[in-house]
Every structure is written in C-alpha cells, then in structure tokens.
Amino acid sequence: MKARLWNRDNDYETLVKWWNDWEFGIVPKDCLPKDGIIVEDDNKPICFTGLYSDPTTKFCIMEWTVIDKSISHIKSHKALQLCIDSVIKMAKEKGKRLMFTVTGKEALHKRYEKYHGFKKTESNVTTFINDLNNNVRDLECFQDDEQWELQHGVNKGN
C-alpha cells in the first residue's frame, strides 16, 4: 500500500464512483481542494482525503474522506490510517498548526480520536451551505440522511 498526491483531473472519476457506491452525492470537481492523498494497493486507488489549505493561515481543513466500498475491512483500516496520516504530514509540511474536519460517521469519529490525535470539539451542530450562483444542481454531498429525506420526502433506508 502506498500514498500519493492526488490529481483532481485524473482521480475525480474514481471518487465519483466511490461516492455513488456509498450513495453520498457528488462533490463538484471545482469545489475539491488541489491538495489531497490517494492510497493505492497494487496500483489501484482505494482511499482518498482532501486538504483545503490557504497559505495565509495556519489553519487547514481535511475533508471528503472516502474509501472504495469493495475492499475488505482490514484493508480499509490500513488505507484510512495511511491516507489520514499522510494528509496530516502534508499539513505539517505546509506549516499548519490546526486541522479541522467534520463527519457524521461514528466510525470516523472513533478513528480520528483513537488513531490520529483529533479532539472532538462539538457534537450538536447544524451545517449550512449557500449556492452563491444557484448553479450547483445537486447538493446531496453536503446533506446527511435526515436532510436528504426531508428534501426528497422519502426514507433512504440506511
């Protein structure tokens, strides 16, 4: 297993497939960060996380962590370990002091605290998004199941 820098143009379709497999919704390509890590096993991508980083601040955001749904639990654990550790290393190399992330997935809550040194800071938040130009046709990638169900009037069945 190895980690490499991601390429937004070459790797985007892989992420789209994974997001579809997880019924997550598609993050618009131009909303993804230029920095990120892809973990590969036998030259096959299996995991991703992105790093939003502005050179004018010591703060960064890790986001869009996703894994190939078809890999084993053991392999996914190792891939996530390598991927997140690699993004943390990247952030440190960029001189960042604080890394923020957010997830509704309980398994990631535990992972972030147990293996990666994150501290839980909030547990009862509501997030918002504003489509500034009214041109993003699908905001599903920003919604949890509850909001998706309210918008669509159906139960996702997860």
Side-chain angles (χ1 to χ4, degrees), residues 1-129 139-148 158:
M1 223 176 266
K2 68 175 185 169
R4 66 167 171 83
L5 297 178
W6 97 296
N7 180 299
R8 190 173 15 204
D9 291 325
N10 296 340
D11 294 317
Y12 183 71
E13 289 306 314
T14 299
L15 300 187
V16 169
K17 180 193 178 315
W18 294 344
W19 290 326
N20 282 329
D21 289 347
W22 288 104
E23 297 179 0
F24 179 70
I26 307 303
V27 180
K29 186 177 183 179
D30 60 357
C31 293
L32 290 167
K34 70 177 183 74
D35 293 323
I37 295 291
I38 289 274
V39 171
E40 295 180 334
D41 188 42
D42 292 328
N43 295 316
K44 179 183 181 272
I46 59 172
C47 186
F48 167 79
T49 197
L51 180 68
Y52 291 91
S53 175
D54 179 326
T56 66
T57 180
K58 299 290 185 184
F59 183 84
C60 61
I61 299 171
M62 180 181 74
E63 189 54 277
W64 309 118
T65 301
V66 64
I67 195 152
D68 182 341
K69 193 174 186 177
S70 69
I71 65 173
S72 72
H73 179 70
I74 293 170
K75 193 178 280 191
S76 68
H77 171 76
K78 290 178 181 177
L80 282 165
Q81 185 78 31
L82 178 58
C83 193
I84 294 166
D85 285 348
S86 296
V87 165
I88 289 170
K89 180 181 177 195
M90 179 189 297
K92 288 178 179 180
E93 289 170 353
K94 290 177 173 288
K96 302 308 173 193
R97 292 183 51 219
L98 293 172
M99 178 181 279
F100 178 83
T101 193
V102 60
T103 183
K105 302 298 180 195
E106 188 66 33
L108 284 177
H109 295 182
K110 292 176 184 175
R111 163 173 288 288
Y112 291 161
E113 289 181 299
K114 183 175 181 177
Y115 299 109
H116 304 289
F118 284 87
K119 307 289 184 250
K120 187 182 281 188
T121 55
E122 298 179 84
S123 56
N124 188 20
V125 297
T126 302
T127 61
F128 298 87
I129 193 157
L139 297 174
E140 183 179 348
C141 62
F142 300 101
Q143 298 174 318
D144 63 12
D145 290 344
E146 180 182 356
Q147 293 305 310
W148 187 92
N158 290 345

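Side chains are part of it too, since the values below use all heavy atoms of this structure and drop only hydrogens, waters and symmetry mates. None of the values given here were measured: they were computed from a predicted structure.
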Quiz item: Does a salt bridge link Asp9 with Lys29, judged by any charged N lying under 4.0 Å from a carboxylate O?
Solution: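 Yes, charged N to carboxylate O under 4.0 Å.
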Quiz prompt | Cationic N near anionic O, under 4.0 Å, Asp85 to Lys89 | solution =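 Between Lys89 and Asp85 there is no salt bridge, as every charged N stays at least 4.0 Å from the carboxylate O atoms.
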Quiz prompt | Distance, nearest 0.5 Å, that separates CD1 of Ile71 from NZ of Lys44 | solution =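 NZ of Lys44 is found 7.5 Å from CD1 of Ile71.
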Exercise. List in chain and number order the residues that pass salt bridge (Lys or Arg N to Asp or Glu O under 4.0 Å) with Asp41, two or more places apart in sequence or in another chain; answer none if no residue qualifies.
Key: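 Partners of Asp41 by the salt bridge (Lys or Arg N to Asp or Glu O under 4.0 Å) criterion, ordered by chain and then number, come out as Lys75.
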Quiz item: Is a side-chain donor or acceptor of Asp68 paired with a backbone partner of Ser70 at a separation under 3.5 angstrom?
Solution: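 Here the side-chain-to-backbone pair exists.
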Exercise. Return yes if some donor-acceptor pair links the side-chain N/O of Thr101 with the main-chain N/O of Met62 below 3.5 Å, else return no.
Key: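 At least one qualifying donor-acceptor pair exists.
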Looking at every heavy atom in both [X] and [Y], which two are closest together, and how far apart are they?
X: Lys105; Y: Thr103; result: N-OG1, 3.1 Å
X: Thr14; Y: Pro45; result: CG2-CB, 4.1 Å
X: Ile84; Y: Tyr112; result: CD1-CE2, 3.6 Å
X: Ile46; Y: Met1; result: CD1-CE, 4.0 Å
X: Met99; Y: Ala91; result: CE-CB, 3.5 Å
X: Ile37; Y: Met90; result: CD1-CE, 3.5 Å

Self-check item: Aromatic centroids of Trp6 and Phe48 separated by under 6.0 Å
Solution: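 Yes, they do, as the ring centres are separated by less than 6.0 Å.
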Practice problem: Only counting residues at least two apart or in another chain, list the ones meeting side chain to side chain donor-acceptor pair (under 3.5 Å) with Ser123. | Solution: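 Once residues adjacent in sequence are excluded, Ser123 has no partner under the side chain to side chain donor-acceptor pair (under 3.5 Å) criterion.
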Would you indicate whether the side-chain heavy atoms of [Y] and [X] approach each other to under 4.5 Å?
X: Phe24; Y: Leu15; value: no
X: Trp22; Y: Ile67; value: yes
X: Lys96; Y: Ser53; value: yes
X: Phe118; Y: Arg111; value: no
X: Leu82; Y: Lys78; value: no
X: Pro33; Y: Leu51; value: no

Quiz prompt | Stepwise side chain to side chain contact (heavy atoms under 4.5 Å, CB included) check, Glu63 with Leu32 | solution = CA-CA 9 Å; Glu63 189 54 277; Leu32 290 167; over 6 Å; no
Exercise. Evaluate whether atom NZ of Lys120 has more than 12 neighbouring non-hydrogen atoms of other residues, nucleotides or ligands under 6.0 angstrom away.
Key: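 Yes - once you tally the heavy atoms of other residues, nucleotides and ligands closer than 6.0 Å, there are more than 12.
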